[in-house]
Amino acid sequence: MIAMNHDDNGKAMQNKHKNKVIVLGTGNAALSAAMSALDHGASVTILEKAPKPEFGGNTRLTTAALRVSFTDPNQIREILDQSYTDNEWSSIEIEPYPNDKFIYEVIHKTGHGRPNPELVEWFTNQSLDIIHWLKDRGVRFELAEYLSQFDLTKQHGSQKRTYRGGVVIQAVKGGAGMVQPELAYAKSKGAEVHYEMPAEDLITNDKGHVVGVVARDQSGTLCKFHGTVVIGSGGFEASSARRSQFLGSRWCDLRQRCVKFNTGEMIFAAVNAGAAMVGHYAGAHITPIDPDSPFTGGLNTCERTNRLAFSWGITVNKQGHRFIDEGSHWNNQIYVDVGRALLDQPDQIGYQVFDARGATYREPLYAEQKQFFQGNDLKTLAEQAGIAPDAFMKTIEAFNKAAKHNTHMYDPTQLDSQSTKGLDLPKTNWALPIKEKPFSIYPVVPGVTFTFGGLASNTHCQILASNMHPIPGLFGCGEATGDYFYYAYPTGSGLIKGAVTGREAGKQAASYAKQV
Ligand SMILES: Cc1cc2nc3c(=O)[nH]c(=O)nc-3n(C[C@H](O)[C@H](O)[C@H](O)COP(=O)(O)OP(=O)(O)OC[C@H]3O[C@@H](n4cnc5c(N)ncnc54)[C@H](O)[C@@H]3O)c2cc1C
């Protein structure tokens with residue numbers, strides 16, 4: 001934290017900063033803050049750590065699956081870019097997703113009761129409204145594919161699109177289809193953008209109010225930017241040092257699905273300036289990914305490394321043992337549990353095992369994986385893959401015995417209750433015996449996506465000090481703020497949280513900046 005010298009604290013100097021908002025980052029949260037601050041009359045400067053071609057943060061890597069609460073499918077229809085005839089629309093089945101369900105899934109289903117109920121209720125309640133707000137600013141929407149139930153059924157030639165569970169839409173062109181129009185909107189309203197200008201510290205006055213940011217330019221020189229600050233610079237998932245510090249050594253040497261820029265320095269700069277740390281610092285979003293994924297995510301990987309077909313087979317570790325109920329829920333509800341469980345396995349590796357039937361349900365992404373083993377003899381495949389063969393065959397035998405009564409084909413549109421019987425570790429749905437040749441084994445490793453711990457904030461997106469009162473001049477949004485997600489999150493909530501908190505942070509920062 002850099003304290004201003006005496007002259008900097010003078011009134012004349014403060015007036016020079018009147019109406020100025022400095023936004024950190026160019027992900028969805030930061031750009032929502034920038035758009036909102038501009039709409040409310042502020043002059044906005046955006047500082048981005050990444051070079052221009054790589055702007056957009058984790059947001060840009062996503063397929064932009066969005067979780068929205070609604071009571072009538074026509075509320076979805078009116079958002080969509082494509083207009084459907086009544087006939088076409090009647091072939092699409094969309095189950096309403098009331099906000100109570102959204103709240104339940106964030107707080108209880110994935111969050112083990114720990115997320116802050118006030119924050120969760122507040123942001124989920126705005127999930128539909130924020131989509132209209134983004135649409136008004138150039139983001140276009142379509143029916144979701146990846147990570148929706150439809151994605152599972154379409155591969156099987158189903159004529160009927162079925163959507164259950166809240167993830168019904170995505171942005172056209174994914175995350176790029178969010179950040180590109182958002183940035184264009186901000187620039188059209190006069191935002192000034194500095195790339196390769198990572199913020200390093202906050203500037204405070206003698207009252208401890210935040211009055212600006214220190215950033216470092218490409219020549220290594222520190223530059224001061226004065227104004228009201230919105231931290232939208234993501235979590236600390238790309239820092240293995242910070243992951244080790246807060247999440248533990250198991251999280252140190254992992255492949256990252258995220259951009260390399262999110263190393264959390266502005267979270268910790270805010271903490272040095274008095275901000276409280278809240279939320280699940282020992283937790284992060286993590287999924288099973290291709291073992292040949294690069295160590296850092298980026299525009300070449302985006303969503304391509306995920307391996308989420310565990311529902312259609314079993315997953316074992318090197319010792320040949322299952323370690324998780326692969327069918328306890330839809331894959332998009334439990335992929336974080338699966339990713340986290342991989343951390344505890346020997347050599348942090350797992351093996352997804354499919355028979356010929358399960359294989360037909362794998363996402364097309366599996367075709368990109370180089371490491372896999374396929375053939376008619378499971379024991380040979382286990383040996384080739386490096387799995388203890390005898391223990392593995394015992395696992396298969398026990399599983400097949402416990403699943404032999406399940407005779408219906410997989411139904412990806414239902415939690416089909418085809419469970420194992422008598423296993424200590426059950427498979428609750430889609431438990432078909434692994435018996436039809438050819439068999440295949442895909443190794444998977446855990447890949448970290450984003451961290452859950454962050455800065456304390458309220459529903460005005462003011463950053464709170466340790467006494468839980470706002471620090472004047474400091475606002476935050478997106479994954480830089482904590483207490484929203486613990487242990488996991490329901491797919492499609494991150495971008496909604498980012499846009500809702502960004503919009504509010506920008507509005508409040510603009511209002512504060514008018515008064516200083
Ligand atoms: C591969 C992948 C797929 C995902 N899929 C989905 C999905 O489909 N739906 C969903 O809801 N969520 C998804 N997520 C999660 C989602 O990406 C995040 O919840 C969301 O993008 C967070 O937005 P943000 O703006 O807070 O952070 P980000 O989008 O990560 O933006 C942070 C920005 O801050 C910049 N920055 C970092 N440090 C500094 C600094 N010191 N100074 C200046 N700038 C800095 C970064 O370069 C970046 O531009 C996915 C994440 C990944 C990695």
Side-chain angles (χ1 to χ4, degrees), residues 1-25 29-30 33 37 40 42-47 116 118-119 197-216 222-236 242 246 263-279 281 453-483 501-502 504-516:
M1 175 192 59
I2 294 187
M4 291 184 111
N5 63 34
H6 191 68
D7 287 347
D8 279 351
N9 281 311
K11 188 147 182 58
M13 193 69 179
Q14 287 199 353
N15 283 343
K16 214 169 113 187
H17 312 142
K18 195 173 173 72
N19 228 19
K20 291 206 168 145
V21 171
I22 302 159
V23 175
L24 309 183
H40 287 89
S43 141
V44 170
T45 301
I46 299 172
L47 306 184
N116 180 320
E118 188 190 1
L119 293 176
M197 185 66 86
E200 284 194 356
D201 208 350
L202 293 168
I203 307 171
T204 55
N205 66 14
D206 57 6
K207 294 186 188 132
H209 300 184
V210 171
V211 294
V213 160
V214 180
R216 196 177 290 274
L222 289 178
C223 313
K224 285 183 180 177
F225 294 85
H226 292 102
T228 301
V229 176
V230 179
I231 300 181
S233 42
F236 57 90
R242 296 284 191 196
F246 292 104
T263 46
E265 50 277 356
M266 290 314 291
I267 294 178
F268 301 102
V271 171
N272 285 341
M277 299 161 75
V278 291
Y281 271 83
L455 297 168
S457 61
N458 58 18
T459 56
H460 295 311
C461 298
Q462 295 165 299
I463 296 300
L464 308 179
S466 56
N467 62 1
M468 293 296 134
H469 287 288
I471 298 176
L474 188 59
F475 298 82
C477 53
E479 304 312 357
T481 55
D483 225 11
T501 53
E504 182 66 20
K507 176 180 152 190
Q508 296 294 341
S511 158
Y512 178 88
K514 273 190 194 131
Q515 294 156 27
V516 288

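For clarity, every value in this text was computed on a predicted model and none was experimentally measured. Along the sequence shown, the residues carry numbers beginning at 1.
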Heavy-atom pair with the smallest gap, counting every atom of Phe475 and Thr228: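 Closest approach of Phe475 to Thr228, heavy atoms only: CE1-CG2, 3.5 Å.
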
Within-4.5 Å side-chain heavy-atom neighbours: Thr459 and Leu119: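 In contact.
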
Spacing of OG belonging to Ser466 relative to CD1 belonging to Ile471, to within rounding of 0.5 Å: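 If I round to the nearest 0.5 Å, the distance is 8.0 Å.
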
Minimum-distance pair of heavy atoms, taken over all atoms of Val230 and Cys477: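 Closest approach of Val230 to Cys477: CG1-SG, 3.8 Å.
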
Side-chain (Lys514) to main-chain (His40) donor-acceptor, under 3.5 angstrom: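 Looks like yes, one N/O pair under 3.5 Å.
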
Minimum heavy-atom distance between Gly478 and Thr501, given as atom pair plus value: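 Closest approach of Gly478 to Thr501, heavy atoms only: N-OG1, 3.0 Å.
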
Test item: Glu504 and Cys461 side chains (from C-beta on) under 4.5 Å apart, heavy atoms: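 SC-SC contact between Glu504 and Cys461 confirmed.
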
Interatomic distance, Ile231 atom CD1 to Glu265 atom CD [nearest 0.5 angstrom]: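 That separation rounds to 10.5 Å.
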
Shortest non-hydrogen separation from Arg216 to Glu200 and the atoms involved: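 The answer is NE-OE2, 2.7 Å.
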
Close side-chain approach of His209 and Tyr512, heavy atoms under 4.5 Å: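 Answer yes - side chains close enough.
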
Leu47 side chain reached by Val23 side chain, heavy atoms, under 4.5 Å: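 SC-SC contact between Val23 and Leu47 ruled out.
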
Phe246 and Phe268 aromatic ring geometry - parallel, tilted or perpendicular at 30°/60° bounds: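 Correct class here is parallel.
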
Closest contact, heavy atoms only, Ala30 versus Leu24: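 Minimum heavy-atom separation between Ala30 and Leu24: CB-O, 3.5 Å.
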
Met266/Leu202 under side-chain contact (heavy atoms from CB on, under 4.5 Å): CA gap, chis, key distance, verdict: CA-CA 8 Å; Met266 290 314 291; Leu202 293 168; 3.8 Å; yes

Test item: Thr481 and Ile463 side chains (from C-beta on) under 4.5 Å apart, heavy atoms: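 Yes, at least one pair of side-chain atoms sits under 4.5 Å.
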
Nearest heavy-atom neighbours spanning Met468 and Ala276: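 Nearest heavy atoms, Met468 then Ala276: CE-CB, 3.6 Å.
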
Gln462 CD to Leu455 CG distance, which is reported to the nearest 0.5 Å: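 The distance works out to 13.5 Å.
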
Evaluation steps, side-chain contact (heavy atoms from CB on, under 4.5 Å), between Ile203 and His226: CA-CA 8 Å; Ile203 307 171; His226 292 102; 4.0 Å; yes

